[in-house]
> 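Quick one: structure below, then a few questions.
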Amino acid sequence: MPAKGVLVAVTADVVIAGGGVIGTAIAWRAAMAGLDVVLADPAQGDAASLVAAGMLAPVSEALFGEGALLRVNLLALARFPSFAAELEQVTGHRVGLRREGTLAVAYDAGDYAALMRLTAFRRSAGLEAEELDSRACRKLESFLSPDVYGGVLFPGDWSVDNRRYAAALRQAAAAAGVRVVRDRVTAVLTAGGADGRVRGVALAEGGEIGAARVVVAAGSWSGAVDGVPAALRSVVRPVKGQLLRLRHPDGMPPVLTHTIRATVRGADVYLVPRADGEVIVGATQEERGQDLTVTAGAVHDLLHDAMSVLPVTSELILAETCAGLRPGTPDNGPVVGGAGPVGLWVATGHYRNGILMSAATADAVVACLTGRAPAAEWEPFGPGRFLAGKGAR
Ligand SMILES: Cc1cc2nc3c(=O)[nH]c(=O)nc-3n(C[C@H](O)[C@H](O)[C@H](O)COP(=O)(O)OP(=O)(O)OC[C@H]3O[C@@H](n4cnc5c(N)ncnc54)[C@H](O)[C@@H]3O)c2cc1C
């Protein structure tokens, strides 16, 4: 890895800007496909990928009017287990994939009515959902409050330990030969002239990396890279999420088996258990630009709602509070495909489902990089929908 401040004269088949789960998954699979890959990222510390809850939840995330997004999320879920298994095999590290399912619970009758409306829609899309009364919910999760009105079990929604997963991706990418440059990509460079093909990237510290193919996968920062078509740069926006990491005190048995998604008087909260005793409680959804502060109000609200449905939460240790920026788009869908000059691809805008979609996104982008067509489910999510014919490929 070159030291900061040193001009690099690196060349590669492909440069990937951004080392969250999206960029790193692409880097790993591209290297496995035989490409010489350089991944550029100044520091992965602020990546949403390290903040996320790790739910793999196409079913409980499915909303009215988002049929195409549901289809690509289902594709992503189907791909995840084999991708994770290969990752575990290559690295020798477990990534914490849990398939116990997700229990959505409603705190009062109004919350239950809303849950039933969504459940009817999800069933109409062919998704599995089992309605449970309060007692049956507590049979599944004995620490749930008796005040819980009722719930629905979504067996098709799983979770992964996103930090273990991200670490395994980095390790697998390194083992596959991916080189990492610790610097920010400021611009995609083109050859100029009539064909205007990509010739590499410029770095913040002053160097360049030469490559005929560039993938911008910089999450909520993707719009800051010059050379990405202007119409696309304004499309991705940061959507702040605050989240808590709790831990069981020594000797305390696990308080949860399933992921719990609760609606408490109209407010949504989730609790995601990990095998190592961590419980994730999330998350806010705020339009505050690049703000990564953690506020007392958010911590209070998340804990209050979590304790309403799972009172034993109060006995867990508050180990960490954090905030991350989801890469949001106007239609809540990812932006994956060729854009602008020949040789430029983007893979961003994964919003609430970037962990879930990482493996399938890597497949789609590597297909593009190697001259194959991505799966049909990706067709609605090309950059062209925002470019209106101005430079989409
Ligand atoms: C609170 C919260 C909870 C979430 N829960 C879930 C969940 O349960 N399930 C799920 O699937 N998703 C979840 N998400 C969403 C998920 O985290 C994101 O969709 C996903 O992490 C996006 O990955 P990414 O690699 O595109 O971006 P990021 O993880 O943000 O990574 C972007 C990387 O690009 C780098 N970078 C920035 N600018 C440049 C540049 N110019 N050049 C080079 N590198 C650059 C950054 O340093 C960073 O490392 C959650 C997000 C949040 C915030």
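Below, each value reflects all heavy atoms present in this structure, side chains not excepted, and no hydrogens, waters or symmetry copies. Just so you know, ligand 1 is whichever comes first in the structure, and atom 1 is the first atom listed for that ligand.
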> Of the choices Met357, Arg184, Gln285, Arg352, which has the non-hydrogen atom that lies closest to atom 13 (C) of ligand 1?
Arg352
> Roughly how far, to the nearest 0.5 Å, is OH of Tyr112 from OG1 of Thr263?
12.5 Å
> Hey, looking at atom 3 (C) of ligand 1, which of Trp221, Tyr270, Phe80 has the closest heavy atom?
Tyr270
> Give a yes or no on this: more than 12 heavy atoms of other residues, nucleotides or ligands lie within 6.0 Å of atom CZ of Arg288.
no
> What protein heavy atom is closest to atom 20 (C) of ligand 1, reported as residue, atom name and distance in Å?
Gly354 CA, 3.8 Å
> Counting both backbone and side chain atoms, is some N or O of Ala53 under 3.5 Å from an N or O of ligand 1?
yes
> Give the atoms of ligand 1, by number and element, whose distance to some non-hydrogen atom of Gly18 is under 4.0 Å.
34 (O), 35 (C), 43 (C), 44 (N)
> Are any of the heavy atoms in Asp46 under 4.0 Å away from ligand 1?
no
> Which residue and atom name correspond to the protein heavy atom nearest atom 50 (C) of ligand 1, and how close is it?
Ala52 CB, 3.5 Å
> Check whether Glu141 reaches the backbone of Thr257 with its side chain - one donor and one acceptor, N or O, closer than 3.5 Å.
yes
> Show the atoms of ligand 1 that are less than 4.0 angstrom away from any heavy atom in His350.
19 (O)
> Quick one: look up the protein heavy atom nearest atom 23 (O) of ligand 1 and list residue, atom name and how far away it is.
Ser49 OG, 3.3 Å
> Side chain, backbone, both or neither: which part of Ala347 comes within less than 4.0 Å of ligand 1 when only heavy atoms are counted?
neither
> Give yes or no for whether the N/O distance cutoff of 3.5 Å, strictly under, is met between Ala48 and ligand 1.
yes
> Given Leu50, Ile22, Ile16, which has its nearest heavy atom closest to atom 24 (P) of ligand 1?
Ile22
> Is there a polar contact between ligand 1 and Tyr351, counting only N or O atoms under 3.5 Å apart?
yes
> Where the closest heavy atom to atom 46 (C) of ligand 1 is concerned, which of Asp41, Thr186, Leu169 has it?
Asp41
> I need the nearest protein heavy-atom contact for atom 51 (C) of ligand 1: residue, atom name and distance, please.
Arg326 CG, 3.5 Å
> Are Tyr107 and Phe143 connected into the same hydrophobic cluster when the rule is that any two of I, L, V, M, F, W, Y join if their side-chain heavy atoms are below 4.5 Å apart?
yes
> Take every heavy atom of Ala43, measure it against each atom of ligand 1, and state whether any distance is under 4.0 Å.
yes
> At what distance, to the nearest 0.5 angstrom, does CG of Leu318 lie from CZ of Arg247?
10.0 Å
> Side chain of Ser49, backbone of Val21: donor and acceptor closer than 3.5 Å?
yes
> Examine Val185 against ligand 1 and note whether any of their N/O atoms are separated by less than 3.5 Å.
yes
> Give me the residue, atom name and distance of the protein heavy atom closest to atom 36 (N) of ligand 1.
Ala218 CB, 3.9 Å
> Less than 3.5 Å between some nitrogen or oxygen of Gly54 and one of ligand 1, yes or no?
yes
> With heavy-atom distances below 4.0 Å as the criterion, list the atoms of ligand 1 near Ala40.
43 (C), 44 (N)
> Can you check whether Leu356 has an N/O within less than 3.5 Å of an N/O in ligand 1?
yes
> Do the ring planes of Phe80 and Tyr165 sit parallel (below 30°), tilted (30 to 60°) or perpendicular (above 60°)?
tilted
> So is Pro42 in contact with ligand 1, going by heavy-atom distances below 4.0 Å?
yes
> Would you indicate which of Gly324, Ala204, Gly241, Ser159 comes nearest to atom 1 (C) of ligand 1 when only heavy atoms are counted?
Gly241
> State plainly whether one hydrophobic cluster holds both Val255 and Tyr270, where clusters connect Ile, Leu, Val, Met, Phe, Trp and Tyr through side-chain heavy atoms under 4.5 angstrom apart.
no
> So is Ala47 polar-close to ligand 1, meaning N/O to N/O under 3.5 Å?
no
> Are Val216 and Leu325 linked, directly or through intermediate hydrophobic residues, by side-chain heavy-atom contacts shorter than 4.5 Å (ILVMFWY only)?
no
> For Met55, counting its heavy atoms only, list the atoms of ligand 1 lying under 4.0 Å from any of them.
7 (C), 8 (O), 9 (N), 10 (C), 11 (O)
> Which atoms from ligand 1 have a heavy atom of Gly20 less than 4.0 Å away?
25 (O), 29 (O), 31 (O), 33 (C), 49 (O)
> Counting distance only, does the side-chain N/O of Ser142 pair as donor-acceptor with the main-chain N or O of Arg138 below 3.5 Å?
no
> Just jot down the ligand 1 atoms closer than 4.0 angstrom to any heavy atom of Gly219, in number order.
26 (O), 27 (O), 32 (C)
> So if I count the atoms of ligand 1 from 1 in the order they appear, which ones are less than 4.0 Å from some heavy atom of Asn353?
10 (C), 11 (O), 12 (N)
> Can a donor-acceptor pair be found between the side chains of Glu61 and Asn73 at a distance below 3.5 Å?
no
> In terms of hydrophobic clustering (I, L, V, M, F, W, Y; side-chain heavy atoms under 4.5 Å; direct or indirect links), are Val239 and Val346 co-clustered?
no
> Can you list the ligand 1 atoms lying under 4.0 Å from a non-hydrogen atom of Ile355?
10 (C), 11 (O), 12 (N)
> Over 60° means perpendicular and under 30° means parallel, so tell me whether Trp28 and Phe83 are parallel, tilted or perpendicular.
perpendicular
